[in-house]
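Working notes, beginning with the structure itself.
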Amino acid sequence: MSAVAGHRLGVDVGGTFTDLALADPATGAITIGKVLTTPVDPGEAILAGGDELLGRDGIGFDALARMIHATTLVANTLIQRVGARVALIANEGFVDTLDTGVENRYDMFDLNFQRPPPLVPRHLRFGISERTTISGERLRPVIGAEIEAIAARLAVEGVEAVAVCLLHGFRNPDAERDVGAMLARLLPGVPVTLSSAVAPEIREYARAITASANAYVQPLVQTYLARLEARTRERGLASPLFLLMSEGGLATVPTAAAAAPIRLVESGPAAGAIAAASIAREAGIERAMAFDMGGTTAKLCLIVDARPVRTYTTEVARLHRFKRGSGLPLKIPSVELIEIGAGGGSIAHHDAAGMLRIGPRSAGAVPGPACYGRGGVEPTVTDADLVLGLIDPDAFLGGRMKLDRRAAETALLAGVGTRHGLCALDAAAAVHEMVNDSMAMAARIHAVEHGEDPQAFTLVAFGGAGPVHAWRIASILRIGRVVVPVGAGVMSAIGLLVAAPSIELSVSHTGKLDALDLAAVDRLLAERDADARAVLARTGVGAEATAITRSVECRYVGQAYEVQTPLPEGPLAAAGPGAIVAAFETRYRELYGRTLPGGVVEALTWRVRAEGPRPEMLPRLARTRAGTPAAKGSRKAWFHGHGVVEAAVLDRYALAPGARVAGPALIEEDETTTVAGPGSTVEVDRALNLVIELGA
Amino acid sequence: MRPAFDPITLQLLWNRLIGIVDEAAITLVRTSFSQVVQECNDYSCTLLDADGAALADNQSSIPAFIGTMPRTMRHILAAYPKETWKPGDAVITNDPWMGTGHLLDFTMVAPVFRDDRLVAFAGAVAHAVDVGGLSWASHAREVFEEGIRIPISRFVEAGRPNQLLIDILRANVRQPDLVIGDLMAMLASTEIARLRLLEFMDDAKLEELGPLANAIHGQAEIAMRAAIRAVPDGVYRHGFDIDGFDSTLRVESTLTIAGDALTMDYAGTSPQVARGINSVMNYTYAYTAYPLKCALEPITPKNEGSYRPISVTAPEGSILNPRFPAAVSARHLTGMYCAAAAFGCLAQAIPDRVMADSSGPPSRPVFHGTGADGRAFSLIMFPWGGMGARANADGLPCTAFPGNDNCATVEAMEAQAPVRFVRKEIIRDSGGIGRFQGGAGQEITLEFVAPSVGTLAMMAARFRTPAHGLLGGGPGSLTQYLINGVAVPPNGREELKPGDVITIRYPGGGGYGDPRTRDPALVARDVRDGVVSAEHATRSYGPAWRERSAAE
């Protein structure tokens, strides 16, 4: 594919840093840039960082075959509640779903719990008399006069975007479309989100939230993207500006907007998972856990057959970071990333019951961990890692920042040690173990929820703190192998360079499989297929290069959990319901070890995924310093089950493919340190990954 | 004496035990066929030590079952003493008095052997799809009408399923495949717990669980005792009317706090009634201990030790401790009032840490009939009214308390049964007034669109007696059932004709504190949002809110 033959630039805008990665097609090498994010106008850092990085190769934006962008703008807009003033139009008598949800409590013992405030206040929610039935029949039409009255009210209220969510709109979107058309005429310039367009799936609660969230972020995102694209054009960018969607595929600015900006909500984190998947593919790893531990959080994504596991329900903007159910549920396709724990900057403290807890509060970059010497006095995970000898106070960020070990010890004693009668080292070990143990447990539970055995996985660790903690987490999970990719600190930017254009479209058509009109389903799927191909064509992917996969959510009648079931190729009417039932039962058995004798299978939501080709080569970071000695000496470090032992210290950049090191070893690079405990061995593979075999 | 575990190690091991039951719970939920287990969260998993004392519950478990499990375990050990267990055994019961208070829940327990030593038990409780008889309804007169009762029996003996028991069960329930399938799911969850516990003991180099169990129980008990000690000693009484079935009944409660222990006694409570709303002692205990833990010590993970300082008594033969063979199927209609009793007593000692009455016990309408496709359908709805107001925040609208089950969405319910919703909406002015307002109730109106007649079985409470406010807060609105606009007795059973329109009004929660001290900005917001009418606002809170409204 010619579109990926030239230079590619990936830009990942995070909260603190904007990471850039540039791939040179001639050498396969990547160069990396890192600049401070400019929160008010993120485009500034993107352009400045891009100019600098491209300048190193003596080229400009005009030489780029592709520019790919990941942004946290959508997630941050929801978290900080700085989006548009949104109204919701629903059926009369059904406007309260945003407040009540499924009516449960996500915390069983906390009497003071709150739900996340709805994105649309109740006085901006309007009911109309329209009704569509479960079978899609239009019982009552949309009344023009009602919409006119609402539109007048919206104008007075200064509403900036509108969401429409009508019952059974997933089955028959005509009523929502009628409302949308009327609003377009009555309120020109006010963007309207139809739930049937952004999340055409059964269950109005998540659909209404998804539509509202899309409306909420749309004005901001559209302005930002249009402006960014214009500015890159001015600099000579000829290719479209690509965006990484939550599902892990690329879209252009217009197609991303068409597919709904809310689908960018996991854009940044998805990039890391894509990179890990690409590494797993190249290394021939069938099952990997992508483990990304940064400054404030640790995230995990399962990778099966070199693909990140996807989900169609994702939760954002939680009130309590570690509490499932405390956020906004969104019905969008997304790489399934779960937060499994704290990051390096997370603070160790005691809860009201005297239990040691790590995070979710973080020391951030300012004041930062106590060892940064910038005024932080509370002990963090990084302080513990330093006191344990796992990271070198003089080699942090390539030696550009000296860490203060004494300050870390003081903080650990004050915050943890004194309370339990522990010395600084033991307090550090307690923090280190506590954070590792809780992450390992969350990872295990997540794997089990997917019907997977954690022991069958390889841990792929990255982020500044990931490689420091991976060895111990693997040993808790009885995982035998850890892979630390090269460029562990900038994996998201690298992931952008290896992502493929893709789009996923869905439609709910529910019913028992033996009673469904499969010819009708074939027609619906054909429409989605054509739409998906058209979207990809606009990103430059030809029909012959488009791969289509289809699936359906099925379950036994009476059950609440759907199983994503791959569909056979060709017309379903010809294959018959038996083929779908067989595919469902195969998958069901994989997940749960058994099937239900005599169970009736029903289908809910049908999906079509179209994917373009991936860039063929995996770019390499040209960061080796061949010829320099790898050994840097040794230092005392603490390892679980062994206490303090002398560990070899090595320079990662001097390790060539094939090099082998026996643990205990600490392998240092600018952004992180790879910890390999006693009994393990480390080998450098041909892609320069560090592969740790844990041993018995 | 030096403790067996340092605090950090203890916490790590404790967290691991919770992780084990969480994994067992995932196995149960995802292999269960019961919608009530899956959508409505009506299950729990527990790990118990070799003496049957609870060590850890799964984190998303429900209040009732974690309270009943240890008590069921005592009955099980009485029937099958420790030395009689063999590897591969599993015991079940759904006896209401030994189990969870009604026939619909099965409790299962399996032993964990390490080599040939019994080291623990793995337990699971789950709501069955069906148990024959009337199943879930409030109008039975004796437990015999409510379904099949399985005394404590071996479901599996040394790995061999008890085929006679399975055959008897199958012959007595409406959906035998699903009922047995769910018991197999429970068995799978105990097996996962067993395997993980053995791995855990290997990792932690533990030969036995005794010392760890003692340490965990000890810490939870110390935390609870410290919390109780912080409450002023005294005898606190709270009595109130409850709806009952045919006539109003009475709950009388006396909470005695003495040092680091407390006793709740229900002397004076009405005698048991010949309808299925009696709450057996296990259930009464669970819904008394649970709100006490919420108010006093919500943080430490719950285990046997947490509840050791709490004792609960109720007169035998009362609605809170009925004698066999009382009907008990809808025991939540009485037992959930224990939360109101607990908070009503505690409010006299620590008013800032309790809530006003919530709308629970919730109405649970059950629709039966035949759909257009000729297949039988049933739909149990799980909505909630408003939660009680807190000392520093309004109660939430339509929120579970003290239970914690989920209500399905309108579209999911319409997909499940031939009903068409007309309204599911917050009821204006339904939350009790107060400095902090009770959560709003909701009105659910739906049309029965089956092609032929069906039935509606109603289980309801708070149709005569509202959720009361605290410290000057007002009561919430009442429960109502209407068919075609005409009020019907809310505890009976009605025949439904195609086209009938059913309305159920779920009650509001009680308010907290003097309404005259409510922030006018909150009143103005509620009026603007339509949660409160202008007239109600001025009548209840005075005219000050109008200025706030005008200022915006």
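Chain naming here is simple, since letters A, B, ... match the order of the sequence lines and numbering starts at 1 in each. What you see is a predicted model, and the numbers here were worked out from it, not measured in a lab.
Under the 4.0 Å criterion applied to side-chain N and carboxylate O atoms, A:Arg131 and B:Glu414 are assigned as salt-bridge partners. We find that A:Glu103 and B:Lys424 are joined by a salt bridge, their nearest charged nitrogen and carboxylate oxygen being less than 4.0 Å apart.
Ranked by non-hydrogen atom pairs under 4.5 Å with chain A, the options B:Gly439, B:Cys398, B:Pro298 are led by B:Cys398. Most heavy-atom pairs under 4.5 Å with chain A, from the set B:Arg353, B:Met355, B:Arg420, B:Lys302: that is B:Arg420. In terms of non-hydrogen atom pairs under 4.5 Å with chain B, the most contact-rich of A:Arg125, A:Arg207, A:Arg324 is A:Arg207. Taking chain B as the reference chain and counting heavy-atom pairs below 4.5 Å, the highest number among A:Phe113, A:Phe170, A:Phe109 is found for A:Phe109. Most heavy-atom pairs under 4.5 Å with chain A: of the set B:Ala393, B:Ala223, B:Pro383, this distinction falls to B:Pro383. Note: A:Ile134 leads A:Ile134, A:Leu604, A:Thr510, A:Thr100 in heavy-atom pairs under 4.5 Å with chain B. The choice from B:Thr300, B:Asn15, B:Val410, B:Asp22 that makes the most heavy-atom pairs within less than 4.5 Å of chain A is B:Val410. By number of non-hydrogen pairs under 4.5 angstrom with chain B, the leading residue of A:Arg171, A:Glu449, A:Glu92, A:Arg419 is A:Glu449.
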Evaluate the criterion side chain to side chain contact (heavy atoms under 4.5 Å, CB included) for residue pair A:Gln114 and B:Arg390; output intermediate values, then yes/no. CA-CA 11 Å; A:Gln114 293 288 353; B:Arg390 286 77 62 94; 3.2 Å; yes
Applying side chain to side chain contact (heavy atoms under 4.5 Å, CB included), run through B:Phe401 and A:Leu111 and close with a yes or a no. CA-CA 10 Å; B:Phe401 194 88; A:Leu111 297 181; 3.7 Å; yes
Show, in sequence, the C-alpha distance, side-chain angles and deciding distance for A:Arg115 and B:Thr399, and conclude whether the side chain to side chain contact (heavy atoms under 4.5 Å, CB included) test is met. CA-CA 10 Å; A:Arg115 291 209 181 91; B:Thr399 296; 2.7 Å; yes
Given the rule in the side chain to side chain contact (heavy atoms under 4.5 Å, CB included) test, do A:Met441 and B:Ile18 qualify, once you have shown the distances and angles that lead to the verdict? CA-CA 10 Å; A:Met441 243 167 25; B:Ile18 295 169; 5.8 Å; no
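For chain A, the nearby parts of B:Ala415 are the backbone and the side chain; heavy atoms of each come within less than 4.5 Å. Proximity to chain B is absent for every atom of A:Leu124, based on heavy atoms less than 4.5 angstrom apart. The part of A:Asp351 that comes within reach of chain B is its side chain, from C-beta onward, which places non-hydrogen atoms under 4.5 angstrom from that chain. Contact annotation for B:Val422: only backbone heavy atoms (N, CA, C, O) come within less than 4.5 Å of a heavy atom of chain A. Interface remark: A:Tyr106 contributes no atoms to any contact with chain B (heavy atom separation under 4.5 Å). With a threshold of 4.5 angstrom between heavy atoms, A:Leu139 approaches chain B through side-chain atoms but not through N, CA, C or O. With a 4.5 angstrom heavy-atom cutoff, B:Phe343 touches chain A only via side-chain atoms. The part of B:Gln442 that comes within reach of chain A is its side chain, from C-beta onward, which places non-hydrogen atoms under 4.5 angstrom from that chain. For B:Ile66, the part lying near chain A is the side chain, with the backbone staying farther off; criterion is any non-hydrogen pair under 4.5 Å. Only the side chain of B:Met387 comes within less than 4.5 Å of a heavy atom in chain A; its backbone stays farther off. Both the backbone and the side chain of B:Arg16 come within less than 4.5 Å of a heavy atom of chain A. The contact between A:Arg478 and chain B is made entirely by side chain atoms (from C-beta outward), counting heavy-atom distances below 4.5 Å. When heavy atoms are compared at a cutoff of 4.5 Å, A:Thr133 approaches chain B solely by way of its side chain, counted from C-beta outward. With a 4.5 Å cut-off on non-hydrogen atoms, A:Val600 touches chain B through its side chain but not through its backbone.
Note: B:Ile8 CD1 to A:Asp426 CG = 10.0 Å, rounded to the nearest 0.5 Å. For the atom pair CZ (A:Arg203) and CE (B:Met413), the distance works out to 11.5 Å, reported to the nearest 0.5 Å. Interatomic distance, CG of B:Asp203 versus OG of A:Ser475, reported as 8.5 Å (0.5 Å rounding). Atom CZ of A:Phe94 and atom CZ of B:Arg423 lie 8.0 Å apart (nearest 0.5 Å). Distance CZ/B:Phe421 to CG/A:Asn91: 13.0 Å, rounded to 0.5 Å.
Residue A:Asp99 forms a side chain to side chain contact (heavy atoms under 4.5 Å, CB included) with just one option from B:Leu396, B:Ile426, B:Asp529, and that option is B:Ile426.
When all heavy atoms of A:Leu166 and B:Glu411 are compared, the closest pair comes out as O-OE2, 4.1 Å. When all heavy atoms are compared, the tightest approach of B:Ala400 to A:Asn104 is CB-CA, 4.3 Å. The nearest pair of heavy atoms linking B:Pro301 to A:Met355 is CD-CE, 3.7 Å. Between B:Pro7 and A:His420, the shortest heavy-atom distance links the atoms CG-ND1, 3.6 Å. Of all non-hydrogen atoms in B:Pro402 and A:Arg105, the two that sit nearest each other are O-NH2, 3.2 Å. Nearest heavy atom pair, residue A:Ile445 against residue B:Gly19, reads CD1-O, 3.8 Å.
In this structure, A:Glu433 contributes its side chain and B:Leu12 its backbone to no donor-acceptor pair below 3.5 Å. Between the A:Glu204 side chain and the B:Thr409 main chain, no donor and acceptor come within less than 3.5 Å of each other. Distance alone, capped at 3.5 Å, places no donor-acceptor pair between the B:Arg528 side chain and the A:His123 backbone.
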